[in-house]
Amino acid sequence: QKEVEQNSGPLSVPEGAIASLNCTYSDRGSQSFFWYRQYSGKSPELIMFIYSNGDKEDGRFTAQLNKASQYVSLLIRDSQPSDSATYLCAAVPGGYQKVTFGIGTKLQVIP
Amino acid sequence: GAVVSQHPSWVICKSGTSVKIECRSLDFQATTMFWYRQFPKQSLMLMATSNEGSKATYEQGVEKDKFLINHASLTLSTLTVTSAHPEDSSFYICSATPQGRTDTQYFGPGTRLTVL
């Protein structure tokens with residue numbers, strides 16, 4: 001069983017729309033959750049992290065966490081073509097530093 | 001802040017040779033560094049966790065004698081791929097956790113290894 005699951009996509013949205021990226025995790029003890037963006041051939045870059053249930057906003061990005069449902073999401077408002085990338089969801093199992101990554105969702109923003 | 005560098009960015013080598021990849025945290029000290037491998041269209045796969053001054057912890061299925069890791073200081077970890085084979089060709093990425101924190105990893109730019 002995969003520990004962090006994501007739909008690989010691609011998810012296509014028109015420019016200016018809201019992109020919604022979803023992720024589920026299996027370890028109920030997971031404490032910290034991260035969203036990374038990875039452009040093709042490049043290393044991942046951290047977008048946001050979230051620890052507490054609810055929403056966390058940073059600019060055009062909003063991370064949502066529901067620990068009861070073991071569900072994490074990332075919303076990107078006013079999507080731009082430059083947002084086209086693969087978005088990796090990651091979780092840190094309880095008590096450990098090791099980060100477990102999902103396979104990533106490829107996002108395509110259509111001009 | 002929180003910059004991690006890797007060297008080299010690209011390396012091409014002949015089968016049977018060894019390749020060393022360096023990972024440096026430039027503006028922070030990192031007690032823990034991680035080494036990942038990523039094959040095309042696949043997610044990051046953790047290879048090993050490297051702690052300064054101690055032996056690395058390898059993930060299941062990763063040969064520790066083939067992938068030698070040395071975390072010599074709080075700012076440097078090295079991965080040596082010994083007796084490289086074409087199937088070792090991949091994108092190798094390191095990450096580092098700032099000292100005193102356990103919640104965030106900052107990634108290096110990655111090293112593209114091609115074994116001929």
Side-chain angles (χ1 to χ4, degrees), chain A residues 1-11 21 23-27 29-52 56 58 63 65 72 85-108, chain B residues 1-10 21 23-24 28 30-52 54 56-60 62 71 90-114:
Chain A
Q1 180 184 5
K2 292 183 180 178
E3 296 180 34
V4 177
E5 294 217 33
Q6 293 180 261
N7 187 323
S8 61
L11 171 68
L21 304 162
C23 169
T24 58
Y25 60 95
S26 61
D27 184 352
S30 296
Q31 301 291 326
S32 310
F33 305 89
F34 304 86
W35 283 100
Y36 286 85
R37 177 173 61 196
Q38 186 176 26
Y39 293 109
S40 181
K42 302 294 185 182
S43 196
E45 57 177 317
L46 180 66
I47 298 176
M48 293 188 69
F49 58 87
I50 186 167
Y51 307 136
S52 304
K56 179 180 178 181
D58 184 0
L65 173 61
V72 191
T86 296
Y87 289 80
L88 302 171
C89 173
V92 178
Y96 296 97
Q97 290 179 269
K98 186 174 72 173
V99 177
T100 301
F101 286 88
I103 195 169
T105 299
K106 185 173 183 178
L107 173 67
Q108 295 177 337
Chain B
V3 177
V4 177
S5 70
Q6 277 185 246
H7 178 80
S9 300
W10 293 82
I21 303 170
C23 176
R24 292 182 186 273
F28 64 96
T31 48
T32 304
M33 291 184 172
F34 301 87
W35 287 95
Y36 295 86
R37 181 167 54 182
Q38 188 176 35
F39 292 106
K41 297 186 179 180
Q42 294 187 25
S43 189
L44 295 164
M45 296 300 296
L46 180 65
M47 299 175 67
T49 303
S50 168
N51 291 294
E52 187 266 338
S54 63
T57 302
Y58 291 81
E59 295 300 300
Q60 191 173 9
V62 178
H71 195 151
S90 187
F91 192 40
Y92 291 85
I93 308 172
C94 73
S95 69
T97 299
Q99 194 174 26
R101 296 186 65 176
T102 60
D103 55 358
T104 302
Q105 293 184 24
Y106 297 95
F107 284 87
T111 297
R112 179 78 60 187
L113 171 64
T114 301

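Numbers restart at 1 for each chain; the letters A, B, ... are given by sequence-line order, proteins then strands. What you see below is based on every heavy atom in this structure, not just the backbone, and it leaves out hydrogens, waters and symmetry mates. On a predicted model such as this, the values are computed, not experimentally measured, just so you know.
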Contact leader toward chain B among A:Ser40, A:Gly41, A:Gly104, A:Ser8, where contacts are heavy-atom pairs under 4.5 Å =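 Most heavy-atom pairs within the cutoff with chain B belong to A:Gly41.
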key: A:Phe101 ring center within less than 6.0 Å of B:Phe107 ring center   = yes
task = Name the region of B:Glu59, side chain, backbone, both or neither, that has any atom closer than 4.5 Å to a heavy atom of chain A.
result =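 The side chain, not the backbone.
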query = Do other residues, nucleotides or ligands put more than 12 heavy atoms under 6.0 Å from the CE atom of B:Met45?
reply = no
Closest heavy-atom pair and its distance - A:Lys42, B:Phe91 =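 Answer, listing the atom of A:Lys42 first, then B:Phe91: O-CE2, 3.6 Å.
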Heavy-atom closest contact (B:Ser43 atom, A:Ile103 atom, distance) = CB-CA, 3.4 Å
inquiry  = Report which part of A:Glu45 has an atom under 4.5 Å of a heavy atom belonging to chain B: side chain, backbone, both, or neither.
reply    = neither
